[in-house]
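Worksheet: the structure to be examined is printed underneath.
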Amino acid sequence: MDELGFNKIAAAVLATALGVMFLRELPHQLMHSNAPEVPVYSVGPIEVASSEDVVDLPFPQPEWVAAMDAEQGAKVFKKCQSCHKVEEGATNGTGPALWGVVGNPTGTHPGFSYSTAMTSTGYNWTFEELDAFLKKPAAHLKGTKMAFIGLKKAEDRAAVIEYLRINDSTPEARPVAVVMETAEPVVEAPAETMEDVIEDVTPAPEGH
Ligand code: HEC
């Protein structure tokens, strides 16, 4: 091989190596700094995760369940107290009384004049709905009368929801964290071809 040919090959090898290094870094670069700090798994070597994928993790994550602390929730509830009471038999204020609200259909506390938005959701106050609502009430339920900016921190929401949960004559069971069992760290060696991948997932025909 002449020297020029060798140099060309060396250059090609170097370019490929740089390309691989770049592509491996790429998913990290694309992640926004305000994305939640959770590991992102991809099934292929260069699958690019969007920030949407990150927030779409199934609810509730283990960190959320771990943050369900009623004592902490009582502190967070101070932000709600100008409008809400939570004790058994408490009266409505600017907002409805919240005794036993977890698991109930939305907008059904007796004697409170709710917005139509709140009475016509068609859903119950599950942990997930409460979390989404309390994060940004006006965005989650357009037309709500609850004039509250929201609780930005997931751990504050988990804590205050736990506080609401226990303020009930028959508290709902605590939610179980969703753990993604299939999640694997980034696979190092990619399958050679698409055929290899298909062969891997196709069960062998019976009798072989
Ligand atoms: C400025 C007053 C105000 C503050 C502060 C406030 N809320 Fe509300 N909240 C309301 C009003 C008003 C409604 C009824 C909304 C509607 O009808 O659309 C409501 C509704 C709710 C509901 C639905 C109740 C039901 O019966 O369906 C929940 C749950 C709730 N608030 C929780 C909270 C929590 C938890 C906090 C504190 C983190 C909080 N709110 C802070 C005024 C407030």
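Quick note: residue numbers are just sequence positions, from 1.
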Review point. Any donor and acceptor pair, going by atom type alone, linking the side chain of H109 with main-chain N or O of N92 inside 3.5 Å?
Key: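 No: the side chain of H109 does not pair with the backbone of N92.
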
Set of residues satisfying side-chain contact (heavy atoms from CB on, under 4.5 Å) with respect to [X], sequence neighbours excluded:
X    : answer
A132 : H140
T121 : T106, Y123, L141
P110 : none
A66  : none

Check [X] against [Y] and note the closest heavy-atom contact, atom names and distance.
X    : Y    : result
T144 : S115 : CA-OG, 3.9 Å
A90  : A97  : O-CB, 3.5 Å
P96  : H84  : O-ND1, 2.7 Å
P62  : A177 : CA-CB, 3.6 Å
T126 : E129 : OG1-N, 3.1 Å

Approximate separation, where rounding is to 0.5 Å, of [X] [atom1] and [Y] [atom2]:
X    : Y    : atom1 : atom2 : value
N104 : L164 : CG    : CG    : 11.0 Å
T91  : F112 : OG1   : CZ    : 11.5 Å
K135 : F133 : NZ    : CZ    : 14.5 Å

Output side-chain donor-acceptor pairs under 3.5 Å for residues 76-83, partner residues at least two apart or in another chain, one line each.
none

ring-ring contact (aromatic ring centres under 6.0 Å, His included) partners of [X], counting only residues at least two apart:
X    : value
F148 : none
W99  : none
F127 : none

Practice item. Under the side-chain contact (heavy atoms from CB on, under 4.5 Å) rule, what do Y114 and M146 come out as? Steps first, then yes or no, please. Key: CA-CA 9 Å; Y114 289 95; M146 175 152 138; over 6 Å; no

Review point. Would you say the side chain of W64 lies within less than 4.5 Å of the side chain of P175, judging by non-hydrogen atoms?
Key: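 A side-chain contact exists here, since the closest heavy-atom pair is under 4.5 Å.
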
**Study point:** Student check: side-chain heavy atoms of P171 and V102 closer than 4.5 Å
**Key:**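 They are not in side-chain contact.
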
Exercise for review: Kindly work out whether a path of hydrophobic side-chain contacts (I/L/V/M/F/W/Y, heavy atoms less than 4.5 Å apart) joins I166 to L134.
Suggested key: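 Result: no, two separate clusters.
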
Point to revise | Qualifying side chain to side chain donor-acceptor pair (under 3.5 Å) pairs, either residue in residues 161-172, two or more places apart | key: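 Pairs touching residues 161-172 that pass the test: E162-R165, E162-R174.
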
Exercise for review: Scan for salt bridge (charged side-chain N to carboxylate O under 4.0 Å, His left out) pairs involving residues 65-75, sequence neighbours excluded, and state none if there are none.
Suggested key: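 Matches after skipping sequence neighbours: none remain.
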
Side-chain donor-acceptor contacts of residues 149-161 below 3.5 Å, not counting sequence neighbours, with atom names and distances?
residue: R157; atom: NE; partner: D131; partner atom: O; Å: 3.4
residue: R157; atom: NE; partner: D131; partner atom: OD1; Å: 2.8
residue: R157; atom: NH1; partner: L151; partner atom: O; Å: 2.8
residue: R157; atom: NH1; partner: K152; partner atom: O; Å: 3.0

Review point. Quick one: side-chain hydrogen bond (donor to acceptor under 3.5 Å, both in side chains) partners of K145, sequence neighbours excluded?
Key: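 Here no residue qualifies.
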
